[in-house]
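Everything numeric in this text was worked out from a predicted model, so none of it was measured. Note: hydrogens, waters and symmetry copies are ignored here, and every other heavy atom, side chains too, is used. The chains referred to below are lettered A, B, ... by the order of the sequence lines, with proteins before strands, and numbering in each begins at 1.
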Amino acid sequence: MWVDVIVEDILATRPADRYVVNDAKSPSGPIHVGSLRGVVLHDCVARGLQARGRQAPFLYGFDDYDPMDSRPASVPAEFDRYLGMPLSEIPSPVGGGASYARYFGLGFAEVWTKIGAQPEIYWTSEMYKSGRFNDAIRIALDRADELIQIDREISGSQKAERHPIQPLCESCGRIGTTVVTGWDGTLVAYECRPDKVAWARGCGHHGRRSPLDGGSKLQYKAEWAAKWWILGVSVEGAGKDHMTKGGSHDVAAVMCERVFGCRTPVPIPYEWFLVGGRKMSTSKGVGVPAGELVEILRPELARFLMVRPHYRQQINFDPSGETVPTLYDEYDRAAAAYFGEVEAKTPAEADLLRDHSRTFYFSRADGEQAKAYRMRFAKVAYLMQMPSVTVEEVAAQEKGGPLTEADRVELRARMEDARRWLQSYAPDQYRFQVLSQLPAVDLTPAQREFLAHLGTIVAERDHWDGEALHERIHALKNEMRLPPKDAFGSIYLAFLGKASGPQAGWFLASLDRGFVLARLREVSGGVRA
RNA sequence: GGGCCGUUAGCUCAACUGGUAGAGCAGCGGACUCUUAAUCCGCUGGUUCAGGGUUCGAGUCCCUGACGGCCCCCCA
């Protein structure tokens, strides 16, 4: 399991009693589901370190002193006037006094809470305002040339200006449009340029101010390095956009070591996590909000989805098709390994089981996962669509005994997922619905006759057992020398409007007898012939 | 220009630090007095993208190449 590999590697290469695990995100809008991968990854590593007896706080930083550099489609157009201002200083798009950054950041935090992660949140705006960045800002100003040089050297970018400090404009409140023009050891001289960036317009103000206590922010690569130094971060992964060679992480790493004199945290470069299927209607066509994932899958499955594949592998989750049932099957396999329900026949198999077991362990959302009876997801989905079938009863039969409380909780979670899956994502093949009105079907005379006879059979008894009825259907089909396809097809067409369906005997037996008789009479009587 | 990932059965994917290539679905066959989604059993099916190399042994490690997906060189 990759988490164990990472944890063992950290313990071996950097022995310590305490590790600070950090992740961060700029809350510039609705936070994409991809950012959840970082949360889960860091949460797992922190858990793994803790399980090895180390202290391992997991910190999550919202970089809310970053300037707003674009306006998400869901945010009203009047917010364009805030472009360039720190996210912490912009009002929430839904009002209520909170900042723009808090609105989106806390919304994201709600999602990670659901999947069992509880990082300690910090806000860079507060760090700046409280002076925690002051030493780093002084260093960055004193050694600005060196930092700029590192940026150029490592990134290979010829881009002229990337001064490590951006003052907050005292006139317009923007922080993304300013450039430093001088530093006397106490005050920075700066200009708020109308043309510095394409996405915001500075007001043109020239001024001098203290860069400390919130008066400025570090440019983001320098800020990253400074945060490692200030917070003592020892482990921090990042998505591939940061981790490319000569990319922001490489630059920050050199800044961290050469300028701030601290060791670069253990890096963990991870791949993207995309959600296909229903794409959002944003202009770019991608960007499913994190919260949507936990509306498709319950917490353990959402985590499992991200824990199972290696972190260097891209995840492209498409909830349509058979993805969800398959994911559930794999989850069940992992659970079986974890609870010791399967025995390995070979050493290789034993290793595989251990791997599955660890995957399950790290997929737990909260606390110990109770051992419970796990009915196959596809079956749950199937049973739920059968009229007058109680899934709990079938589960108890299948289990061979009464369901425990844990069994019921597990089953209910599956039913929830199945309901949503059937409603929004399941292929038609998995979905059926008894039609309350006879659909317009095209049946041969033989099929009508078959259904008429079937009606007679059903009428024979007040109560039918599924198996018994199924036998009679086959017998009737044989007597009439009707091809199975025609016989069964006619039943499904009459009740479901499609050519196939659940096993006919059990299916009809589960329906209301009066309804079945009426429908058979109607369809065979040529009402719509 | 640079970087990451992928390519394994018809499909979707597994396979710990190299040690007999496996599942699910599909297909085929069978059991249950029953071809048509609730159960169970069996079977078929792979030159692991290609070509080199290391090794007693390579899906796995190294090199080269092909194809596919993505990222960076704006911002953060």
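- In this structure, the CE atom of A:Met243 is 19 Å from the P atom of B:A76, given to the nearest Å.
- Residues A:Arg374 and A:Glu410 are not paired through a salt bridge, judged by the lack of any N-O separation under 4.0 Å between the basic side chain and the carboxylate.
- Across all strands shown, the partner of B:A23 is B:U12, judged by Watson-Crick or G-U wobble contacts whose two distances both fall under 3.5 Å.
- A 3.5 Å limit on both hydrogen-bonding distances identifies no Watson-Crick or G-U partner for B:U47.
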query: Step by step, would you call A:Leu147 with A:Gln219 a side chain to side chain contact (heavy atoms under 4.5 Å, CB included)?
result: CA-CA 10 Å; A:Leu147 288 166; A:Gln219 183 272 335; over 6 Å; no
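- Comparing B:A26 with B:C11, their C1' atoms sit 7 Å apart, to the nearest whole Å.
- Taking each heavy atom of A:Glu392 and A:Met415 in turn, the nearest pair found is OE2-SD, 4.3 Å.
- Taking the nucleotide of RNA chain B with the nearest heavy atom to each of A:Glu330 and A:Lys221, the more 5' of the two is matched to A:Glu330.
- With distances taken from any side-chain atom of A:Lys477 to the nucleotides B:G2, B:U33, B:U35, the minimum falls on B:U35.
- Nucleotides B:G45 and B:G27 place their C1' atoms 9 Å apart, quoted to the nearest Å.
- When rounded to the nearest whole Å, the span between NZ of A:Lys196 and P of B:C74 equals 14 Å.
- If you measure from atom CZ of A:Arg358 to atom P of B:A15, you get 17 Å, rounded to the nearest angstrom.
- Contact annotation: A:Arg376 side-chain N/O to B:C25 OP1/OP2 distance is under 4.0 Å.
- Taking the centre and axis of the six-membered ring of A:Trp123, the NZ or CZ atom of A:Arg102 falls inside the cone set by 45° and 6.0 Å.
- Searching all strands for a Watson-Crick or G-U wobble partner of B:U60 with both distances below 3.5 Å returns nothing.
- Per the stacking criterion (ring centres < 5.5 Å, plane angle < 30°), A:His356 does not stack onto the base of B:A14.
- Remark: the separation of the C1' atoms in B:C28 and B:G10 is 13 Å, to the nearest Å.
- Within the structure, every side-chain polar atom (N or O) of A:Lys245 is placed at least 4.0 Å from both OP1 and OP2 of B:C71.
- Side-chain atoms of A:Lys379 lie closest to B:U39 of the nucleotides B:U33, B:U39, B:A76.
- Distance check on atom P: B:G24 versus B:U44 gives 14 Å, rounded to whole Å.
- Among the heavy atoms of the strands, none lies under 4.0 Å from A:Phe507.
- Rounding to whole angstrom units, CH2 of residue A:Trp272 and P of B:C5 are separated by 15 Å.
- Distances from the side chain of A:Gln314 to the nucleotides B:C71, B:A23, B:G69 place B:G69 closest.
- Look at B:C67: its Watson-Crick or wobble partner, with both distances under 3.5 angstrom, is B:G6.
- Nucleotides of RNA chain B nearest to A:Leu383 and A:Gly176 differ in position, and the one nearer the 5' end is that of A:Leu383.
- Between B:C41 and B:G18, the two C1' atoms lie 36 Å apart (nearest whole Å).
- Phosphate proximity of B:U35 to A:His474: present, with a side-chain N or O under 4.0 Å from OP1 or OP2.
- Put simply, CE on A:Met1 is 13 Å from P on B:U17, counting in whole angstrom units.
- Rounded to whole Å, the P atom of B:G59 lies 10 Å from the corresponding atom of B:C49.
- For A:Lys25 and B:A76, the shortest distance from a side-chain N or O to OP1 or OP2 is not below 4.0 Å.
- Across all strands, A:Asp66 comes closer than 4.0 Å only to sugar-phosphate atoms, never to a base (heavy-atom distances).
- In this entry the distance linking NE2 of A:His249 with P of B:C71 reads 20 Å, nearest Å.
- For A:Lys240, the side-chain atoms get nearest to B:G69 when compared with the rest of B:A76, B:G69, B:G24.
- Between A:Arg312 and B:C4 there is no side-chain polar atom (N or O) within less than 4.0 angstrom of OP1 or OP2.
- Phosphate proximity of B:C75 to A:Gln166: absent, as no side-chain N or O sits under 4.0 Å from OP1 or OP2.
- Here A:Thr326 lies out of heavy-atom contact (under 4.0 Å) with every strand.
- B:A50 and B:C67: their P atoms are spaced 15 Å apart (whole Å).
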- request: Apply side chain to side chain donor-acceptor pair (under 3.5 Å) to A:Asp417 and A:Tyr328, showing your working.
  value: CA-CA 10 Å; A:Asp417 279 357; A:Tyr328 253 102; 2.7 Å; yes
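- Looking only at side-chain heavy atoms (C-beta outward), A:Lys221 and A:Asp151 come within less than 4.5 Å of each other.
- Both distances falling under 3.5 Å, in either a Watson-Crick or a G-U wobble arrangement, place B:C40 opposite B:G30.
- Here B:A15 presents its C1' atom at 12 Å from CD of A:Gln313, a figure rounded to the nearest Å.
- The separation of B:A9 from B:C4, taken at their C1' atoms, amounts to 28 Å, rounded to a whole angstrom.
- Here the closest non-hydrogen pair linking A:Leu305 and A:Ile315 is O-CD1, 3.7 Å.
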Stepwise side chain to side chain contact (heavy atoms under 4.5 Å, CB included) check, A:Arg519 with A:Phe495: CA-CA 8 Å; A:Arg519 175 60 52 88; A:Phe495 287 87; 3.7 Å; yes
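- Here B:A76 is the nucleotide among B:C34, B:A76, B:G24 with the atom lying nearest to any side-chain atom of A:Ser248.
- Atom pair A:Met85:CE and B:A76:C1' shows a separation of 18 Å (rounding to whole Å applied).
- B:U35 makes up no base pair with any nucleotide shown, lacking Watson-Crick or G-U wobble contacts both under 3.5 Å.
- Listed nucleotides B:A76, B:U33, B:G24 differ in distance to A:Asp241; the shortest reach to its side chain belongs to B:A76.
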